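Nothing here was measured: the structure is a model prediction, and the numbers come from that model.
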Amino acid sequence: MTKTLLPFIDDEDLTNEVRKVLDVAQIAVSAAENKIFSNIIDPFSAVFDSQRQGIAPSEWLQQEKARQIQKTLQNAVGNFHQSILGHVDGWTNLAVGQVVDLRSDDNKVLAEIKNKYNTTKGNHKKTIYDDLLSLINHEDFHDYKGYYVEIIPKSKNPYNKPFTPSDNETGIRRPENQNIRVIDGRSFYELVTGHSNALDMLYEVLPRAIAVITGNNDSKITVDPLYRELYKKAYPYS
């Protein structure tokens with residue numbers, strides 16, 4: 001296999017993972033058409049929102065379908081990052097149902113991947129901490145570090161720090177443990193690949209990879225500067 005697109009993953013693996021996300025998106029489009037009314041839509045919200053925007057109800061309905069598709073797509077993108085990182089030499093994308101998502105015996109790392117900082121509710125974060133603690137206390141992983149990875153970070157600065165989520169029942173934070181950490185996505189991509197700008201490179205190559213698969217080679221779309229602007233807002237330190 002070749003690595004002409006990115007230095008840390010084979011072209012074929014990258015293309016396959018991109019195609020999976022596009023397939024999920026297409027299925028979501030079909031599902032939105034068929035299931036838009038499976039859950040009762042609040043007609044009052046429809047009136048207020050369509051009138052506020054000055055758009056027809058039919059256009060508002062298209063927006064609602066797009067919202068449903070976006071939610072599915074975000075879940076697929078989270079799986080995409082997990083799979084991409086799992087293709088890097090020395091790393092394994094673990095099966096569904098495992099306690100964590102990624103493992104590297106070479107680097108002594110276990111990781112739980114979330115697409116965005118607010119993907120996981122506060123009461124679930126303590127469970128992630130407890131799971132990581134249980135694993136690194138096991139004799140097989142006593143010298144490993146456990147990471148809770150937020151691909152899209154909350155902070156405008158990079159972070160790799162002890163993970164101390166609050167217990168929603170007691171209000172007490174889990175104790176600081178240097179081997180249980182929370183890290184932003186860009187920093188974790190660097191940790192996994194050894195390339196400080198690995199996530200930047202992945203983002204830059206995605207429009208071209210998607211264009212090859214979809215056959216949509218409109219250069220105005222693939223090189224639109226707004227892509228870079230959106231990225232810089234998420235990762236201003238890039």
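Across every non-hydrogen atom of Gln82 and Leu94, the tightest pair is NE2-O, 4.0 Å. Smallest separation of non-hydrogen atoms from Val18 and Ala209: CG2-CB, 4.4 Å. For Pro162 against Val182, the heavy-atom pair with the smallest separation is O-CG1, 4.1 Å. Considering every non-hydrogen atom in both Glu64 and Arg67, the closest pair reads OE2-NH2, 2.6 Å. A pairwise comparison of heavy atoms in Gly90 and Ser104 identifies O-OG, 2.9 Å as the closest pair. Shortest non-hydrogen contact noted between Thr15 and Ile213 is O-CD1, 3.6 Å.
Here the OG-CG distance, from Ser83 to Leu85, works out to 9.0 Å after rounding to the nearest 0.5 Å. Note that CD of Gln98 and OG1 of Thr92 are 11.0 Å apart. Values are rounded to the nearest 0.5 Å. Distance check, rounded to the nearest 0.5 Å: CG of Asn168 to NZ of Lys125 gives 12.0 Å. Rounded to the nearest 0.5 angstrom, Ile69 CD1 and Lys65 NZ are separated by 8.5 Å. Distance CG/Asp13 to CG/Leu6: 11.0 Å, rounded to 0.5 Å. To the nearest 0.5 Å, atoms CE (Met201) and CG (Leu206) are separated by 12.5 Å.
Two residues are said to be in side-chain contact when any heavy atoms from C-beta on lie closer than 4.5 Å; Lys154 and Lys116 fail this criterion. With contacts defined as side-chain heavy-atom distances shorter than 4.5 Å, the pair Ile84/Asn93 does not qualify. The side-chain heavy atoms of Tyr148 and Thr120, taken from C-beta on, include a pair separated by under 4.5 Å. With contacts defined as side-chain heavy-atom distances shorter than 4.5 Å, the pair Trp60/Val47 does not qualify.
No continuous path of ILVMFWY side-chain contacts below 4.5 Å connects Ile27 to Val77, so the two sit in separate hydrophobic clusters. Hydrophobic clustering of Ile, Leu, Val, Met, Phe, Trp and Tyr side chains at less than 4.5 Å, counting indirect connections, unites Ile183 with Leu199. Residues Val21 and Ile210 are members of one and the same hydrophobic cluster, defined by side-chain heavy-atom contacts under 4.5 angstrom among Ile, Leu, Val, Met, Phe, Trp and Tyr. At a threshold of 4.5 Å between side-chain heavy atoms, the hydrophobic network of Ile, Leu, Val, Met, Phe, Trp and Tyr places Val149 and Leu135 in two separate groups. Hydrophobic clustering (side-chain heavy atoms under 4.5 Å, transitive across Ile, Leu, Val, Met, Phe, Trp, Tyr) keeps Tyr235 apart from Tyr159.
Of the possible polar contacts, none joining the Ser187 side chain to the Asp184 backbone as a donor-acceptor pair under 3.5 Å is found. Ser50 contributes a side-chain N or O that, together with a main-chain N or O of Ala46, makes up a donor-acceptor pair within less than 3.5 Å. Side-chain atoms of Asn107 never come within 3.5 Å of backbone atoms of Val109 as a donor-acceptor pair (strictly under, hydrogens ignored). His195 places no side-chain N or O within donor-acceptor distance of the main-chain N or O of Asn197, the cut-off being under 3.5 Å. Looking at Asn16, its side chain does come within 3.5 Å of a backbone N or O of Glu12 through a donor-acceptor pair. Judged by distance alone, the side chain of Thr170 and the main-chain N or O of Ile172 form a donor-acceptor pair under 3.5 Å. In this structure a side-chain-to-backbone donor-acceptor pair under 3.5 Å is missing from Asp101 to Ala111.
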Verdict with reasoning, Lys232 to Glu229, per salt bridge (charged side-chain N to carboxylate O under 4.0 Å, His left out)
CA-CA 5 Å; Lys232 290 294 289 186; Glu229 182 180 340; over 6 Å; no
Working note: Ile9 + Thr193, criterion side-chain contact (heavy atoms from CB on, under 4.5 Å); need CA distance, chi angles, decisive distance, verdict.
CA-CA 9 Å; Ile9 182 174; Thr193 67; over 6 Å; no
Go through Ile152 and Asn118 one step at a time and tell me if the side-chain contact (heavy atoms from CB on, under 4.5 Å) criterion holds.
CA-CA 9 Å; Ile152 307 297; Asn118 60 356; over 6 Å; no
Starting from the C-alpha separation in whole Å, work towards a yes-or-no answer on side-chain contact (heavy atoms from CB on, under 4.5 Å) for Tyr147 and Asn160.
CA-CA 9 Å; Tyr147 285 88; Asn160 179 355; 3.6 Å; yes
Phe80 and Lys20: side-chain contact (heavy atoms from CB on, under 4.5 Å), yes or no, with the steps?
CA-CA 8 Å; Phe80 169 78; Lys20 288 178 184 178; over 6 Å; no
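Taking the six-membered ring for Trp and thresholds of 30 and 60 degrees, Tyr189 and His81 have ring planes more than 60 degrees apart, a perpendicular arrangement. Taking the six-membered ring where tryptophan is involved, the planes of Tyr129 and Phe163 are tilted, since the angle between them lies from 30° to 60°. Taking the six-membered ring for Trp and thresholds of 30 and 60 degrees, Phe141 and Tyr144 have ring planes more than 60 degrees apart, a perpendicular arrangement.
Applying the salt bridge (Lys or Arg N to Asp or Glu O under 4.0 Å) test to Arg19 and every residue at least two apart in sequence or in another chain returns nothing. Here Lys114 pairs with Glu112 under the salt bridge (Lys or Arg N to Asp or Glu O under 4.0 Å) rule; sequence neighbours left out. Among residues two or more places apart in sequence or in another chain, the salt bridge (Lys or Arg N to Asp or Glu O under 4.0 Å) test is passed with Arg103 by Asp105.
Summarising the local packing, NZ of Lys3 is surrounded by more than 12 heavy atoms from other residues, nucleotides or ligands at distances under 6.0 Å. At most 12 non-hydrogen atoms from other residues, nucleotides or ligands lie less than 6.0 angstrom from CZ of Phe48. In the displayed structure, Lys161 atom NZ is contacted under 6.0 Å by at most 12 heavy atoms of other residues, nucleotides or ligands.
Side chains of Gln74 and Asn115: a donor-acceptor N/O pair is absent below 3.5 angstrom, by distance only. Side-chain contact of Gln53 with Glu59: a donor-acceptor pair under 3.5 Å is absent, judged by distance alone. Between the side chains of Glu176 and Gln178, at least one donor-acceptor pair of N or O atoms lies under 3.5 Å.
Ring centroids of His87 and Phe8 are separated by 6.0 Å or more, keeping the two rings apart. Taking the six-membered ring wherever Trp is involved, the centroid distance between the rings of Tyr227 and Tyr231 does not fall below 6.0 Å.
Using a 4.0 Å cut-off between charged side-chain N and carboxylate O, Asp49 and Arg52 make a salt bridge. Between Asp200 and Arg186 a salt bridge is recorded (basic side-chain N to carboxylate O distance below 4.0 Å).
When each of Arg174, Arg173, Lys126 is tested with Asp167 by the rule side-chain hydrogen bond (donor to acceptor under 3.5 Å, both in side chains), just one qualifies, namely Arg174. For the side-chain contact (heavy atoms from CB on, under 4.5 Å) with Asp131, the qualifying choice from Ile180, Val100, Val99, Leu110 is Val99, the only one to do so.
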